[in-house]
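Down below is the structure, laid out as structure tokens.
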Amino acid sequence: MLKPRLAQDEMHRLQVLNALKLLDSGPDERFDRLTRMARRLFDVPIALVTLVDFNRQWFKSCQGLSVSETPRDVSFCGHAILGDDVFVIPDATADVRFFDNPLVAGRPDIRFYAGCPLRVSRSVKVGTLCIIDTRPRTLSAEDIAALKDLAAMVEDELAAFQAATTDVLTGVWNRRGFLNVGQSSIDFCVRQEQPVTLTCIDLDGFKDINDTHGHGEGDAVLRRIADGMAQTFRSSDAFARMGGDEFVALMPGAGETDARLAVTRLRRWLLTTEDRLGLPYRTSFSCGCVVHDPYHDATIEDLITRADAAMYRMKQRAQQQQDPVPLLGRLPLPLPT
């Protein structure tokens, strides 16, 4: 048996998955309706909406099975999310990857499998819509197109859940989404024995921009901060607008130096962008960070509180020095872990 490997974007994929807050949730007719349609359309005994977690695949909707999850190591869907197209196994007993899989050698006696990856949040694959049969079979091009159509309907339902965790103005995580993403990232780093760094960013003089240039321009500043973070932080980092003019970034596997470099890149990006746009003001911010090692317990709320306190100490020092606009990355030392 060939175990499915982890996705290249596994950290980010798990962040997006956990932010949906669907794992271990109750039955939902919106998804059950679509698996019933799939089972009837393809005349198969089993149809599933699966979500592939770190070490399991969990069934958001399940037609034809009496279990709610199986280990990821034996899952067909773990393989399916590694590709971009429908993953089809006509006869699992004749496939070197699956012939001795316990789900093939024993119940539910899988022979045929077809799974279409489910994408959310810029094509992140969180699971599949899959159909399973206990006899070998094939799919026609029309069948594959129909399965993709049903999967697109599942993706529409997932998008509705994701909307509740996204900041409408900037398109990044909101507080609710970030708390879910952040805790899953910390848990992942603990399992991998890696550090994690959280940086809190608070804009300086944002009220003056709103008062002088209008709230439309203030909204543009907030969108620009979010765009800048997407450009200057790593693709594996999670960042969010926590409310008002406060943003946070969580950097799995990163230390203080990585945070300093990311913040410096953001400051330079903002300065270059606002020069190019010819704006009559310059955006500045204060920030604080905390580095957490994987050998101590912590929640995402703990890290936010500590980074926020470090940020306010920096802001107070800048005000005392009459230097409220630090242009290059000047981070306080992280609080003790």
Side-chain angles (χ1 to χ4, degrees), residues 4 7 13-14 16-53 56-72 74-90 92 103 107-166 177 180:
R13 197 190 67 78
L14 290 174
V16 173
L17 171 61
N18 281 276
L20 293 173
K21 295 206 74 174
L22 284 174
L23 290 171
D24 300 310
S25 60
D28 193 315
E29 177 61 22
R30 290 174 290 183
F31 296 100
D32 291 343
R33 176 178 62 90
L34 296 173
T35 50
R36 288 196 301 268
M37 289 174 60
R39 188 163 71 162
R40 183 173 65 252
L41 177 63
F42 295 102
D43 189 25
V44 293
I46 300 169
L48 308 167
V49 170
T50 71
L51 300 176
V52 181
D53 199 2
R56 61 172 177 159
Q57 63 169 359
W58 180 78
F59 308 143
K60 177 57 187 169
S61 179
C62 178
Q63 305 293 332
L65 285 181
S66 59
V67 297
S68 61
E69 63 182 62
T70 62
R72 181 173 178 174
V74 301
S75 72
F76 285 63
C77 298
H79 293 272
I81 64 169
L82 299 176
D84 295 322
D85 210 343
V86 175
F87 182 68
V88 181
I89 304 297
L103 302 179
R107 297 184 69 86
D109 303 306
I110 296 175
R111 297 297 179 266
F112 165 81
Y113 171 92
C116 185
L118 299 173
R119 298 168 173 84
V120 298
S121 186
R122 296 173 292 181
S123 299
V124 176
K125 287 168 278 191
V126 297
T128 74
L129 170 66
C130 68
I131 53 175
I132 295 170
D133 206 338
T134 55
R135 58 187 176 87
R137 58 184 292 178
T138 58
L139 289 183
S140 67
E142 291 79 7
D143 290 334
I144 290 176
L147 186 60
K148 288 181 177 179
D149 288 342
L150 283 176
M153 296 168 68
V154 177
E155 290 175 343
D156 288 341
E157 299 296 346
L158 293 175
F161 281 90
Q162 188 181 32
T165 61
T166 302
N180 297 327

Polar side-chain atom of [X] near backbone of [Y] as donor-acceptor pair, under 3.5 Å:
{"X": "K148", "Y": "D85", "value": "no"}
{"X": "K125", "Y": "V120", "value": "no"}
{"X": "D149", "Y": "A146", "value": "no"}
{"X": "S123", "Y": "R119", "value": "no"}

Could you tell me the separation between the [atom1] atom of [X] and the [atom2] atom of [Y], rounded to the nearest 0.5 Å?
{"X": "F42", "Y": "D143", "atom1": "CZ", "atom2": "CG", "answer": "5.5 Å"}
{"X": "C62", "Y": "I46", "atom1": "SG", "atom2": "CD1", "answer": "7.5 Å"}
{"X": "E155", "Y": "C116", "atom1": "CD", "atom2": "SG", "answer": "6.5 Å"}
{"X": "L65", "Y": "T70", "atom1": "CG", "atom2": "OG1", "answer": "8.5 Å"}
{"X": "I132", "Y": "D109", "atom1": "CD1", "atom2": "CG", "answer": "11.5 Å"}
{"X": "R56", "Y": "L51", "atom1": "CZ", "atom2": "CG", "answer": "9.0 Å"}

Give me the atom names and distance for the closest heavy-atom approach of [X] to [Y].
{"X": "G26", "Y": "K60", "answer": "O-NZ, 2.5 Å"}
{"X": "R137", "Y": "D43", "answer": "NH1-O, 3.4 Å"}
{"X": "T134", "Y": "R111", "answer": "O-CG, 3.2 Å"}
{"X": "V52", "Y": "L14", "answer": "O-CD2, 4.3 Å"}
{"X": "A92", "Y": "I110", "answer": "CB-O, 3.8 Å"}
{"X": "R72", "Y": "D53", "answer": "NH1-O, 3.0 Å"}

*Return the orientation label for the F87 and H79 ring planes: parallel under 30°, perpendicular over 60°, tilted otherwise.*
parallel
Is any side-chain heavy atom of [Y] closer than 4.5 Å to one of [X]?
{"X": "I81", "Y": "R13", "result": "yes"}
{"X": "R30", "Y": "V49", "result": "no"}
{"X": "T35", "Y": "F59", "result": "no"}
{"X": "F112", "Y": "T138", "result": "no"}
{"X": "R40", "Y": "Q63", "result": "no"}
{"X": "C130", "Y": "T50", "result": "yes"}
{"X": "F161", "Y": "D28", "result": "yes"}
{"X": "D133", "Y": "P45", "result": "yes"}

*asked:* Evaluate Y113 against L103 for side chain to side chain contact (heavy atoms under 4.5 Å, CB included), listing each step before the verdict.
replied: CA-CA 11 Å; Y113 171 92; L103 302 179; over 6 Å; no
*Yes or no on side chain to side chain contact (heavy atoms under 4.5 Å, CB included) for Q162 and L20, after CA distance, side-chain angles and deciding distance?*
CA-CA 6 Å; Q162 188 181 32; L20 293 173; 3.8 Å; yes
_Verdict with reasoning, R36 to E29, per side chain to side chain contact (heavy atoms under 4.5 Å, CB included)_ = CA-CA 10 Å; R36 288 196 301 268; E29 177 61 22; 2.3 Å; yes
*Report the C-alpha separation of L22 and L158 in whole Å, then their side-chain angles, then the decisive distance to 0.1 Å, and conclude whether the side chain to side chain contact (heavy atoms under 4.5 Å, CB included) test is met.*
CA-CA 9 Å; L22 284 174; L158 293 175; 3.5 Å; yes
